[in-house]
Structure formats: C-alpha cells, structure tokens
Number of protein chains: 2
Amino acid sequence: MTRAATTATHAGGHLVAALDRAGHRLTGPRRSVADLVAARDGHFTAADLVEDARRQGIGRATVFRSIDLFTSLGLVERVDLPGGEHAYVACETAHHHHAICTSCGRSFDVDDAGLSEVLGTIGHRSGFRVTAHRLEIFGLCAACQR
Amino acid sequence: MTRAATTATHAGGHLVAALDRAGHRLTGPRRSVADLVAARDGHFTAADLVEDARRQGIGRATVFRSIDLFTSLGLVERVDLPGGEHAYVACETAHHHHAICTSCGRSFDVDDAGLSEVLGTIGHRSGFRVTAHRLEIFGLCAACQR
DNA sequence: TTCCACGTGAGACACAGTATCATGTAGGAC
DNA sequence: GTCCTACATGATACTGTGTCTCACGTGGAA
Ligand SMILES: [Zn+2]
Ligand SMILES: [Zn+2]
Ligand SMILES: [Zn+2]
Ligand SMILES: [Zn+2]
C-alpha cells in the first residue's frame with residue numbers, strides 16, 4: 001500500500017511518458033493536465049480539474065478528453081464515493097483497488113489480499129462465472145486516526 | 001445467492017410494507033413505483049422507471065423521490081456498471097453485494113464469503129481503519145453460460 | 001369530517017459529460 | 001528547416017440525470 005500521488009511541479013512526467021508510449025501526441029495542454037492530475041493529493045472531481053485548467057487557458061473539453069485518455073491507460077480511475085458522488089484518483093497501472101480516507105480524501109492502492117479466492121468461492125458456490133469486479137474501501141488512513 | 005426480483009402484478013407489496021413500517025405515507029404514486037420496481041427483472045436505470053411511471057401519470061420528481069426512499073430503506077441500491085453507467089437494483093435489506101450478469105442484466109445477492117477477513121487483512125497490514133466498502137461483481141450467470 | 005403535515009406534478013434549475021466544428025499544431029516525410 | 005496532414009484544441013451547443021421550488025392535493029389521525 002503506497003501513496004498514490006506526489007506533489008512536485010511537473011510531476012506528471014510519468015503520465016506524459018505513458019501517453020508517448022501509447023502513441024499519443026505530447027501537446028502542451030496534455031502535459032499541463034498531466035501535471036495537474038499528478039499534483040492532486042487524494043481524489044478530485046472533474047470540476048476541480050476543469051477549474052485548475054481554466055486558469056491556464058485550457059478548455060473544458062480537453063480536460064475531459066485527457067481524463068478519458070489517462071483512464072484508458074489505467075493511470076486515472078473513476079471512483080464512486082459512499083454518498084454517490086463521483087471522483088477520480090491517480091493510480092498505478094496494474095489491477096488493484098483503492099482505499100479512500102473519508103477524512104483527508106487521500107487514496108491508497110491495495111492489492112487483492114485474498115479477494116480473488118473470495119470471488120472464486122462465490123463463483124464455485126453459485127455457478128456464476130466472474131469476469132470482472134470492483135472493490136472500493138472507505139475508512140480512515142493511519143495519519144487521520146490520530 | 002437468490003434472485004433479487006420477482007415478476008407478479010403488485011409485487012411491490014413488501015416495499016410498501018417497508019414504507020409503512022418506516023412511518024411513510026402509503027400513497028398511490030408510491031405504491032405504483034413500488035410495483036414498477038418489483039416488476040423489473042435485473043438492473044434498471046432511472047430513465048426506465050421514469051418512462052414506466054410517466055405512462056401512469058406519475059411525475060419525474062416522484063420517481064426520484066421514491067428511489068431515494070427505497071434506497072434509504074435498503075430496498076434498492078445504486079450500482080455502477082463496468083462501463084461507468086449507473087443503474088439501480090431491487091434487493092434485500094441486509095448488507096450484501098451484487099453479482100450482475102453482463103448478458104441478461106439480472107442481479108444476484110451475494111454474502112461476504114470471506115470478504116470481511118480480506119478487509120481485516122488489508123487494515124491490519126497498513127494501519128488503515130476500514131469503515132465501509134463496496135464490492136460489485138460482474139460476469140455470467142449460470143443460465144447465460146449455456 | 002376536518003385539518004394539516006406530508007406528498008405530488010410541473011417546470012425551472014444545476015451539474016457532469018458529449019458532440020460538433022472551425023482553427024491550431026505535433027511531429028513525420030522530405 | 002519546410003511542408004503537410006492527421007490529430008488535438010477551444011468554444012459552444014447539447015443531452016442526460018438528478019435537484020429544487022412552489023402551488024396544489026391528500027393520507028390518515030383526531
Ligand atoms: Zn486520511
Ligand atoms: Zn481485484
Ligand atoms: Zn444472465
Ligand atoms: Zn460486504
């Protein structure tokens with residue numbers, strides 16, 4: 001379990017690199033959105049990002065297009081908070097889940113920790129063939145428990 | 001694992017009973033929406049329900065208000081499909097999760113099957129105190145595998 | 001039967017995300 | 001370096017989903 005985002009300027013370098021690897025153009029706006037995403041601490045809404053981007057002269061549509069792009073590359077994931085609101089989190093690319101702190105909003109990557117066995121049990125018991133799943137965990141991070 | 005919905009007319013009886021128990025008024029529109037929800041096979045969108053209800057002269061706002069009500073009573077739950085779309089499913093009131101068939105759309109209630117241990121492991125390892133979680137499972141039901 | 005707190009429908013509203021289209025530019029070909 | 005074009009952008013209009021307001025209606029207790 002590691003912190004999902006860092007906070008340096010131009011921290012979006014690895015996002016930009018991933019765009020490049022996938023054969024997408026490395027444009028100014030995309031670099032900027034990548035930095036904005038990487039600079040975010042914890043989950044953020046589309047509106048947050050649109051507002052940040054607007055101050056740099058980047059349009060609404062481009063922000064959504066960039067989010068889609070990063071999402072398709074597995075670098076950003078859309079999560080649904082307990083209240084039903086949507087948010088996005090920056091994350092690593094492998095299959096994993098998020099533990100989201102309800103106090104500070106930070107998200108942490110979590111590995112399966114036995115979940116796949118649980119899913120196997122469910123499938124075996126019921127004849128349901130599991131092909132995909134989503135797990136979201138909410139609670140308090142170690143720092144916020146103090 | 002049991003089927004979540006049945007298909008008879010006025011099948012919304014147990015929904016109506018739950019409203020009564022919780023001290024809400026048993027109005028005509030609410031009874032109708034309860035029936036519409038109970039009659040649904042598998043997940044449905046708000047738009048589906050609004051359309052059904054409109055034919056009976058029931059307004060949009062009332063449908064959303066009824067969904068909220070049923071949701072607060074644990075009789076309907078909002079789920080997020082893999083593609084990102086929203087839907088609702090009728091379900092029993094205890095804590096559980098949904099296995100959703102990507103072919104026929106039916107949803108099945110699933111118990112923890114060891115999930116709480118997995119969550120305990122995650123918390124123990126990382127110092128994160130888990131207070132809530134959401135698990136959605138997608139795949140093919142036994143019938144649709146044939 | 002009376003009464004009023006709660007529920008309703010109509011329609012305006014707020015917000016997230018998408019589509020369209022004319023303009024701009026990254027980056028490969030040369 | 002210079003073209004060139006496919007891809008990206010921003011402005012703007014649009015759709016869909018859910019919320020709010022408010023005048024009117026009604027369930028259900030007294
Ligand atoms: Zn925290
Ligand atoms: Zn998993
Ligand atoms: Zn099925
Ligand atoms: Zn659970």
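For the numbers below, each heavy atom of this structure counts, side chains included, while hydrogens, waters and symmetry mates do not. Chain naming here is simple, since letters A, B, ... match the order of the sequence lines and numbering starts at 1 in each.
Counting non-hydrogen atoms of other residues, nucleotides and ligands closer than 6.0 Å to CD of A:Q56 gives a total above 12. In B:Q145, the CD atom is crowded: over 12 heavy atoms of neighbouring residues, nucleotides or ligands sit closer than 6.0 Å.
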Are any protein N/O atoms closer than 3.5 Å to N/O atoms in nucleotides 11-22 of chain D? If there are, list each pair with its distance.
unit_1	atom_1	unit_2	atom_2	d
D:dG18	OP1	B:Y88	OH	3.4
D:dG18	N7	B:R60	NH2	2.2

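Between B:D111 and A:R125 there is a salt bridge, since a side-chain N of the basic residue sits under 4.0 Å from a carboxylate O of the acidic one. Salt bridge A:R25/A:D20: absent, no basic N to carboxylate O contact under 4.0 Å.
A straight line from CG of A:L19 to C1' of C:dA26 spans 13 Å, rounded to a whole angstrom. Remark: C1' of C:dG17 and CG of A:D80 are 14 Å apart, rounded to the nearest angstrom. Atoms CD (B:E85) and C1' (C:dA16) sit 15 Å apart, rounded to a whole Å. If you measure from atom CG of A:L26 to atom P of C:dG28, you get 10 Å, rounded to the nearest angstrom. The separation between A:F44 atom CZ and C:dG17 atom P is 11 Å, rounded to whole Å. The CZ atom of A:F70 sits 16 Å away from the P atom of C:dG17 (whole-angstrom rounding). Rounded to whole angstrom, the span from the NE2 atom of A:H24 across to the C1' atom of D:dT9 amounts to 16 Å.
When each of B:R31 and A:R25 is assigned the nucleotide of DNA chain D with its nearest heavy atom, A:R25 is the one assigned upstream, toward the 5' end.
Results of the side chain to side chain contact (heavy atoms under 4.5 Å, CB included) test with B:R134 over A:V79, A:D80, A:L135 single out A:D80 as the only residue that passes.
Listed pair A:R30 / C:dA26 fails the phosphate criterion, with no side-chain N or O lying under 4.0 Å from OP1 or OP2. For A:T27, no side-chain nitrogen or oxygen approaches OP1 or OP2 of C:dA26 to under 4.0 Å.
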Query - ring pair (Phe, Tyr, Trp, His ring centres under 6.0 Å) evaluation trace for A:H133 with A:H97 - result: CA-CA 10 Å; A:H133 64 274; A:H97 307 287; 5.0 Å; yes

